[in-house]
Amino acid sequence: MALFGILLSGTLMSEDLVVKGWIAGLAGLAMAMVGLDPLLSEPRYTFGWSYLMSGFQVVPVLMGAFAIPQIIDGLRHVDPGKAIALTGRILPNFAAVRRHMPTIARSGVIGTGVGALPGVGEDVAGWVSYGVGKSASHDGKNFGKGSIEGLLSSETANNACIGGALIPLLVLGIPGSPPAAALMGAFKINNIIPGPTIDPSIILRVCAIMVLASLTMFIMGLFTARVFIQILRLPQTVFLPVVLILTTIGSFSVGGGINDLYLMLGVGALAYFMNLLKFPIAPLVIGVILGGLFDETFRRSLLLSDGDLSGFFNRPTAAVLLTLNVALIAGQLPVVRRTFARLRNR
């Protein structure tokens with residue numbers, strides 16, 4: 001499943017050649033291999049640097065991959081800025097919501113499904129849903145340029161993933177995302193053990209709290225939208241340096257070391273040149289996030305089966321996932337695409 005997520009994000013996020021997305025995803029997967037072996041505790045690709053023993057931290061990678069290229073590009077092409085007129089209504093247009101209901105429903109299903117996968121998280125759900133929405137929409141070329149469908153695709157999946165991540169946490173005791181892992185710790189502090197033996201009334205309380213939290217976010221959004229939109233009035237020469245400072249603080253706060261900043265800047269430089277070459281950035285980050293899960297589970301399966309690969313074919317779930325991966329790769333081969341094109345034209 002982790003490999004399928006990496007390949008799928010590479011397929012959906014590529015602007016021109018799909019292989020560029022796969023290369024970016026596999027590069028992220030290779031970055032996830034750095035550090036201590038999760039099974040044997042042997043150092044891999046650390047080159048004697050103690051900082052790399054724990055691998056690449058996700059937060060500096062995220063900050064570097066998404067923030068630094070935008071800051072560099074924004075400062076290279078400075079927009080003098082225009083006064084933003086606060087027009088229109090803050091309350092959502094429910095007619096527009098009804099018109100985009102298929103996008104909302106699709107993204108909600110994707111977010112819940114991805115959230116139910118242990119260790120995946122909201123970032124993957126948002127990017128996968130965004131890529132699916134971009135492929136399915138007639139207005140896909142405007143995604144990333146203010147398209148409301150792009151916003152709905154990513155944000156609906158991001159929010160739905162939170163509820164989906166609670167499914168394995170409450171039912172199996174396995175957190176589906178880092179916030180769910182933090183919630184699991186809070187449960188244990190209060191002598192609540194998530195899993196099959198959990199009190200069903202606690203599940204109902206958690207659902208009620210999620211509903212109340214959503215309503216609170218909706219109300220706060222209505223009251224603060226006009227305040228936050230004032231940020232758009234700031235010139236880029238003021239706004240982007242502030243973003244760089246906040247990004248630096250966020251990366252430094254993870255491990256409290258200067259090496260996290262070096263990692264952020266290094267990944268940022270790499271992502272900037274990848275943007276220039278039209279390599280998608282999201283598969284790189286998703287590869288880093290899912291690489292550890294892929295590495296550990298794949299090698300544990302091989303250890304349990306004494307190196308026998310038949311377990312990936314004999315079990316129905318594994319066979320379905322393997323088939324999806326093979327179909328995803330084969331579907332991008334020129335011969336297969338020409339064949340399908342001829343069949344559609346008949």
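Heavy atoms only: backbone and side chains are in, while hydrogens, waters and symmetry mates are out.
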Dump the intermediate steps for side-chain contact (heavy atoms from CB on, under 4.5 Å) on L240 and Q70, then the final yes or no. CA-CA 9 Å; L240 292 178; Q70 296 298 324; 6.0 Å; no
Which heavy atom of G287 sits nearest to which heavy atom of A32, and what is that distance? O-CB, 3.9 Å
Heavy-atom pair with the smallest gap, counting every atom of G163 and M210: CA-CE, 3.6 Å
Verdict with reasoning, F56 to L263, per side-chain contact (heavy atoms from CB on, under 4.5 Å): CA-CA 8 Å; F56 290 119; L263 174 60; 3.2 Å; yes
Please evaluate residues R299 and D37 with respect to the criterion side-chain contact (heavy atoms from CB on, under 4.5 Å), reporting the C-alpha separation (whole Å), side-chain torsions for both, the decisive distance (0.1 Å), and the verdict. CA-CA 10 Å; R299 293 184 56 228; D37 186 303; 2.6 Å; yes
side-chain contact (heavy atoms from CB on, under 4.5 Å) between L244 and I68: does it pass, once the steps are laid out? CA-CA 7 Å; L244 179 60; I68 299 299; 3.8 Å; yes
Do other residues, nucleotides or ligands put more than 12 heavy atoms under 6.0 Å from the CE atom of M217? no
Apply side-chain contact (heavy atoms from CB on, under 4.5 Å) to I281 and list each qualifying residue two or more places apart in sequence or on a separate chain. A65, F66, A271, M274, N275, V285
Under 4.5 Å between any side-chain heavy atoms of T112 and V109, yes or no? no
Distance (rounded to the nearest 0.5 Å) between I104 CD1 and R99 CZ: 10.5 Å
Once you round to the nearest 0.5 Å, how far does CD1 of I203 lie from CD1 of I167? 10.5 Å
Rounded at 0.5 Å granularity, tell me how far CD1 in I249 sits from CG in L261. 10.5 Å
Do M264 and L246 share a hydrophobic cluster, counting only Ile, Leu, Val, Met, Phe, Trp and Tyr and linking them when any side-chain heavy atoms are less than 4.5 Å apart? no
In this structure, would M53 and V288 fall into the same cluster of hydrophobic residues linked by side-chain contacts under 4.5 Å? no
If I take atom CH2 from residue W22 and atom CZ from residue F279, how far apart are they, to the nearest 0.5 angstrom? 13.5 Å
Closer than 4.0 angstrom, basic N to acidic O: yes or no for D295 and R300? no
Shortest non-hydrogen separation from G108 to T156 and the atoms involved: N-CG2, 3.7 Å
Report the distance from atom CG of L52 to atom CD of Q57, rounding to the nearest 0.5 Å. 10.5 Å
Hydrophobic cluster membership, V211 vs V206, 4.5 Å side-chain cutoff: no
Would you please name every residue forming a side-chain contact (heavy atoms from CB on, under 4.5 Å) with V243, sequence neighbours left out? I71, F239, T247
Is there a chain of hydrophobic side chains (I, L, V, M, F, W, Y, each step under 4.5 Å between heavy atoms) that links F273 to I72? yes
S154 backbone acceptor or donor facing N158 side chain under 3.5 Å: no
Are F47 and M31 in one and the same hydrophobic cluster, where Ile, Leu, Val, Met, Phe, Trp and Tyr link if side-chain heavy atoms are under 4.5 Å apart? yes
Distance in Å, F218 CZ paired with L222 CG, rounded so as to fall on 0.5 Å steps: 4.5 Å
Test of understanding: with side-chain contact (heavy atoms from CB on, under 4.5 Å), list the residues that count as partners of T103, not counting sequence neighbours. R106, S107, E149, L152, S153
Would you call P43 and T46 a side-chain contact if the rule is heavy atoms closer than 4.5 Å? yes
Minimum heavy-atom distance between P69 and G268, given as atom pair plus value: CG-O, 3.9 Å
Per side-chain contact (heavy atoms from CB on, under 4.5 Å), P60 is matched among L265, D260, V267 by D260
Is R44 reaching over with its side chain to a backbone N or O of M33, donor-acceptor style, under 3.5 angstrom? yes
